[in-house]
Chemist: 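Following this message is one structure expressed as structure tokens.
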Amino acid sequence: MDNVFYRSIRKSYLEVDHGEGVYLYDSEGKKYLDACSGAAVSNLGHAHPKIIEAMTQQAQKVAFSHLSRWTSKPIRQLADLIATLTPGSLNKLYLVSGGSEATEAAIKMARQYFLERDGKTNKYRIISRWKSFHGNTIGSLSMTGDKRRKKYTPLLLNFPKAAPCYCYRCPFNQKPETCGVECAHDLERLLKMEGADSISAFIAEPVGGAACGAIVPHPGYFKVIRQICDQYDILLIDDEVMAGFGRTGSMFAIDDFGVVPDLICAAKGMSAGYSPLGAVIAKDEVFNAFLNGSGVFVHGHTYGGNPLSAAVSLAVVNTLVEDKLVDNSRVVGQYLLTKLKEKLLPFWFAGDVRGIGLMQGVEFVRDKVTKEPFEAGLGIAEKITQILVKQGVIVYPGTGGADGERGDHFLLAPPLILTKDQADEIVDGLVAGFTELEKALGSQR
Ligand SMILES: Cc1ncc(COP(=O)(O)O)c(C=O)c1O
């Protein structure tokens with residue numbers, strides 16, 4: 001045993017040696033298709049020459065300067081570039097170092113916005129949803145609605161949770177074709193129950209990720225949410241940490257749902273794993289409340305906005321645009337999803353195959369008609385992941401999506417440079433893996 005305190009101490013880990021494009025290689029030379037980009041991070045694949053070049057150039061100039069004193073060309077250029085890509089007046093870039101830092105910062109920004117705007121001292125709580133993931137720090141975990149929070153509940157903030165928009169297991173027993181988006185109206189119910197005067201914002205992932213495996217919302221969901229947020233004077237925080245920067249086939253996933261949020265949280269694909277980075281992108285109205293008020297957002301982290309990460313992100317976002325990778329995500333994503341449905345749904349335990357762009361999920365069930373999940377103790381998500389590792393395909397497993405304990409899924413989020421041939425490779429690997437799982441499950445049916 002080495003001296004690293006791993007997340008799962010008894011699990012054995014692959015040792016990475018190097019990466020190239022969509023592939024990772026272990027120290028024995030075995031090749032793996034990184035079909036989840038780690039955790040939806042490596043959107044440009046590994047060892048991308050343009051990013052290595054940008055990193056090297058910036059490191060030779062200056063890697064670190066602290067935002068309390070210095071600005072830099074990379075952060076200003078990055079902010080200008082991102083302002084051209086975001087919807088509406090989401091123009092102001094507040095830099096941090098990762099996704100949890102971004103959602104944490106958004107909690108404080110929303111609270112301080114109402115203080116600056118009209119001195120409201122009580123408007124600080126955040127409504128989020130069940131079956132969501134917003135990070136692992138105490139504030140972000142307080143918003144998170146999945147089993148990751150359970151061991152830590154005594155430490156968490158009193159933030160209410162609305163129903164998820166999860167059509168496969170609709171909490172209101174409706175069908176998406178005929179429903180009245182009851183899940184969106186649940187926000188209004190909560191606002192009335194809790195009192196909107198105490199709520200500063202509603203936060204949601206535009207496409208559900210780590211907690212549930214690529215849940216795409218009902219097409220009308222976010223329009224109702226936007227209208228309720230406006231009616232009750234609360235901010236809409238769009239957590240695009242996983243879905244943003246092209247993952248879903250649009251620059252921001254929310255672009256597909258016809259609404260403009262007030263704050264966007266971003267990380268992961270924004271620097272594509274080459275250097276840690278995250279951000280809150282604020283609309284002008286939020287920024288102006290600070291500008292016309294105290295002029296200071298009382299927040300900050302040491303590495304936020306360091307020139308090296310900003311130069312990396314600038315090169316990443318420029319590459320996304322120049323190489324039309326958002327389009328590639330949509331086109332190859334649609335191709336992959338069609339194949340996955342065709343090849344995987346015939347397996348008796350493949351309950352749902354879903355997604356948008358190159359963000360896709362497979363959910364496992366014991367019974368397709370009742371959608372009954374497997375017992376948690378069987379560890380199906382981890383089992384299939386281990387089988388797929390042998391096949392040379394890496395996926396991102398998750399559990400607890402059905403009822404907080406039971407429910408198995410995995411997420412596919414391959415690099416956005418994926419070709420159709422590589423998509424076929426993923427499908428072939430999954431079919432081989434599912435065939436092996438079918439044999440292993442034989443008597444469990
Ligand atoms: C939607 C969302 N928000 C926040 C986070 C937390 O990001 P990080 O792990 O960079 O802290 C994640 C990570 O998976 C995420 O998917």
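Whatever order the structure lists ligands and atoms in, that order sets their numbers, starting from 1.
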Chemist: Checking Arg149 against Thr144: is there a side-chain donor and acceptor pair closer than 3.5 Å?
Modeler: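 Side chains of Thr144 and Arg149: no pair found under 3.5 Å.
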
Chemist: Taking atom types as modelled, find out whether Glu101 and Tyr303 have a side-chain donor-acceptor pair closer than 3.5 angstrom.
Modeler: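 Their side chains do not contain a donor-acceptor pair, so the 3.5 Å distance test is not met.
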
Chemist: Sequence neighbours left out, what passes ring pair (Phe, Tyr, Trp, His ring centres under 6.0 Å) with Phe410? Give chain and number order.
Modeler: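 If we apply the ring pair (Phe, Tyr, Trp, His ring centres under 6.0 Å) test to Phe410, skipping adjacent residues, the hits are Phe364.
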
Chemist: Step by step, work out the ring-ring contact (aromatic ring centres under 6.0 Å, His included) result for Tyr124 and Phe114.
Modeler: CA-CA 8 Å; Tyr124 62 91; Phe114 286 107; over 10 Å; no

Chemist: So which protein residues pack against ligand 1 under 4.0 Å, heavy atoms counted?
Modeler: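 Residues Gly98, Gly99, Ser100, Phe133, His134, Gly135, Glu205, Asp239, Val241, Met242, Lys268 each place a heavy atom under 4.0 Å from ligand 1, listed by chain and number.
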
Chemist: Who passes side chain to side chain contact (heavy atoms under 4.5 Å, CB included) against Ser128, sequence neighbours left out?
Modeler: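 Here the qualifying residues are His134, Met143, Lys161, Ile203.
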
Chemist: Phe172: what forms a ring pair (Phe, Tyr, Trp, His ring centres under 6.0 Å) with it, not counting sequence neighbours?
Modeler: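 Phe172: no ring pair (Phe, Tyr, Trp, His ring centres under 6.0 Å) contacts found.
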
